[in-house]
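Heads up, the thing below is written out as structure tokens.
Below, chains carry the letters A, B, ... as their sequence lines are ordered, and counting in each starts from 1.
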Amino acid sequence: MPELLKSILIFFISLLIYWLTKDYPLRSVIYIRFLLYILFVLSALYIISSLKSIINSKGTLKERWKFKLRFNQELIRLLSLIVILVLYVVGLKYIGYFVSTLAFIWITMFVLGDVNKKSLLVLPVILLGSIYLFFNILLKIQLPVGLLF
Amino acid sequence: MNLLEIFSALFSLEIFIVIILGTCIGLVAGSIPGVTGTMVVGALIPFTFTMEATVALILMGAIYGAAITGGSIPAIVFGAPGTPSSIATTFDGWKMTQQGKAAEALGLCISSSFIGGVIGVISLLLFAPLLSRVALMFGSGEFFLMGLWGMTLIAALSAESILKGLISGVFGLILSLIGMDPIVGFERLTFGILELYDGLPLVPTLVGLLCVSQILMLSRKTQTINQPMILTDEVTVSFKKLKNYRKTIIRSGLLGTLIGLIPGAGANIASFFSYSEARRSSDNPENFGQGEPEGVVASETANNAVKGGSLIPMLTLGIPGSPMTAILLGALMIQGIMPGPKMFTEYAGLTYTFIFGLMLSLVAMLFIGTFFAKHIIKIVTFPTNLIVPAIMCLSIVGTYSINGRLFDVMVLIIFGIIGYVVSVHGFSKASLVLGFVLGDIIETGYFRSIILSKGGMPIFLTRPLSWVILTFVVISLWASIRSLRQSRVITSQRGRSKKGVDGLSG
């Protein structure tokens, strides 16, 4: 079942791109349209093959169409990391590179597993120290400075 | 200047220090995702103002070469390439690490990088004037066909499902369309975002798709990347092992040098082509992408050979074919030297000292690279809650440092998530990247050829060189289809034999 959903989603994404480009001048749209027509054909083939595999699969009709999203530990860790990453980028803008990076390292370490005190101290010192030396001192690159400080 | 004078200039303490320093900086910079050799060399230009022209050029050349190899180390160890030129190394290098062969992969990577670099530098030394004429033969039609040739690699990169591989490749091509139309100048799919007018930023998009997605993948695990068994092996440079891949090395070295000659084509394209050709001519093409050492050798030889090739049009004609050679050209002009035919007559001393200096920097890279890899490999046994924040921080700072804008960091994260979703759902991340990288060459090459044809037969069907490339496109396509059929037969045979074994044991 997930394969069928994916194939339909791809078809709709292609349709969305087609709609977005509908007012483009002809010279500019020829190539995009060409690629989109290929994508329509490929997604149609994908839908057909997904339907075929559902029909050929064993189990009851209800089982074949079943689709379940499992929220396990792995997925929760992953989603947490994505949220932390987005907050980190926001933090870069408001509280600057070094403070937000320190917070990012510590929070990520806690979210992804058990941590000991030694690594809580050693990793940020080594990482931030090397980044400062390499980017600020050697390459003279100004790292993000926050609005607050 | 005779040979003795060149060598006496070369074997000085100053040059020695510059080579060691340049190699170390290049290796470190290359291994940070997002940071490329070009960026570091560009940032170091002000320091070279006071240096002698030879010393400045050798420093830049050493950084340039070492950064390519440096980028391959995280590609093998974490599956996250440090530079775009190492993308093809990831396909088999990362699989080898997962199989406990990280030390072997790193050893092959460094030794083949050295050989590739040597092939490129020898070509530069012996055939520069001749090869510079080849560079001039490439026009928009040839670029278009080169792009098509590259796209035939999709079949090789989509072992799981060719349909999903093709969908990924087409999406990659569509991503490359974002920004201003190169011919008409109309903005496409930018959603009014000013930063997208120049297209999706190449490095943040690639680092996101390949590196951040890999880190997201790692974050799902709580244990280490690999068991400590990999530490029983040491990273050693063995040229004996390379003997088995003689043909691949020569082919990849020559291909890398030739692609280096072509303005606009870089080390990433060379490694893709070389990987594709190695797979096509292999007796076991189905092993590619599953941890085949030959895949690492092909990619690494080619991306390092590019260096020598790309310097040829720059030194002989004053045409920079890549951002790195443009920086080197600028550095020469700062010193009051205008590259061109005079580089091999009036400035022959400087040119040959630089070329031999490049050779020395390759030797330095061999030793320092091995030392560097020996230590970095230990990171594989670290828990993921240390590796993930560390690589993520380096990727973000590396990406930010390119243009100094947070927009690039957002692109990095968005494409990291896209790359993750693509991988988890069985689509081909590599095909997506291939489409994105080659998209611009294909589109620009095709439309320029059509305009130049003035309504007649497209010029990519009229020129002899185009026909040579077109032949390669057809051969490569045919070989891809053949190997796809073979791998399907092998997969179904394996499936049948597994069923048989299961049946017996049941």
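Looking only at side-chain heavy atoms (C-beta outward), B/Leu173 and A/Phe34 stay at 4.5 Å or farther from each other.
Both the backbone and the side chain of A/Leu42 have a heavy atom closer than 4.5 Å to some heavy atom of chain B. Using a 4.5 Å cut-off between heavy atoms, B/Ile174 touches chain A through backbone and side chain atoms alike. Heavy-atom distances place the side chain of A/Phe135, and not its backbone, under 4.5 Å from chain B. Looking at A/Ile131, only its side chain comes within 4.5 Å of chain B, counting heavy atoms on both sides. Proximity to chain B (any heavy atom under 4.5 Å) is restricted, for A/Ile13, to the side chain, taken from C-beta onward. Both the backbone and the side chain of B/Leu386 come within less than 4.5 Å of a heavy atom of chain A. In this structure, chain A has a heavy atom under 4.5 Å from the side chain of B/Phe447, while its backbone stays farther away. Proximity to chain B involves both the backbone and the side chain of A/Leu78, based on heavy atoms less than 4.5 angstrom apart. Both the backbone and the side chain of A/Ile32 come within contact range of chain B, judged by heavy atoms closer than 4.5 Å. For chain B, the nearby part of A/Ile38 is the side chain; its heavy atoms alone come within less than 4.5 Å. For a residue to count as touching a neighbouring chain, one of its non-hydrogen atoms must lie under 4.5 Å from one of that chain's; by this rule A/Thr21 touches chain B with the side chain only.
Scanning both residues, A/Phe104 and B/Met392, for their nearest heavy atoms gives CZ-CG, 3.7 Å. Between A/Thr101 and B/Cys393, the closest heavy-atom pair is CG2-SG, 3.4 Å. Annotation for B/Pro389 and A/Leu123: closest pair CG-CD2, 4.2 Å, computed over non-hydrogen atoms.
Separating the CD1 atom in A/Ile10 from the CZ atom in B/Phe427 is a distance of 3.5 Å, to the nearest 0.5 Å.
For the set B/Val409, B/Ile183, B/Leu406, B/Val184, the count of heavy-atom pairs under 4.5 angstrom toward chain A peaks at B/Leu406.
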